[in-house]
Amino acid sequence: MSDEDDEEPAVTLGAQTPVEGAPLARVTSRLTWPKEKSEIERLEGDSIVRTPEGPRALAAILEDVDETYFQRRQEFEAHVRAVVGTGPVPTADE
C-alpha cells in the first residue's frame, strides 16, 4: 500500500443535494426495445421520473405522448422530453 491511499480525493465533491425521482435514462435502461407504450406503462408506469418541473410518474407523462410504439430507447426518450421539456431539475429542498 502507498501513502496515496490515505490522502483525500483530488476533487472535492461538495455536499450532496437530494433530487427526487430517477433519471429517465435509468428507467429506460431497464426495458428492452422495441416496446409498445402500453407495455412501458405496465412495466414502469409507477416509476417517478425527474423533470424540470419536479418529479412525475411516468404513467402521467405517457398520457401526453401521442406515439404508441417505439423502435428504440432514444426515440422513446425524445418523445418524453418533448412532453416534459429539458433543463435543470429542482432539488428536493426547492
Atom pair CZ/OG1 of Phe76 and Thr28 - distance to nearest 0.5 Å: 7.0 Å
Return a table of donor-acceptor pairs under 3.5 angstrom between the side chains of residues 56-71 and protein atoms on other chains or two or more places apart.
none

Glu20 and Arg50 ion-paired at < 4.0 Å: no
Validation row: Leu43, Lys35 side chains within 4.5 angstrom (heavy atoms): yes
side-chain contact (heavy atoms from CB on, under 4.5 Å) evaluation trace for Arg26 with Ser47: CA-CA 10 Å; Arg26 182 182 304 155; Ser47 297; over 6 Å; no
Residue Glu39 excluded, over 12 heavy atoms near CD under 6.0 Å: yes
Residue pairs passing the salt bridge (Lys or Arg N to Asp or Glu O under 4.0 Å) test where at least one lies in residues 68-78, sequence neighbours excluded: Arg73-Glu77, Glu77-Arg81
Linked, directly or transitively: Ile48 and Val84 (ILVMFWY side chains, under 4.5 Å): no
Cluster check Leu24, Val83: I/L/V/M/F/W/Y, side chain < 4.5 angstrom: yes
Pair Glu41-Ser38, side-chain donor/acceptor within less than 3.5 Å: no
Minimum-distance pair of heavy atoms, taken over all atoms of Gly87 and Pro52: N-CG, 3.8 Å
Audit row: Leu31, Glu44, side-chain contact (heavy atoms from CB on, under 4.5 Å) steps and yes/no: CA-CA 9 Å; Leu31 301 170; Glu44 292 292 340; 3.8 Å; yes
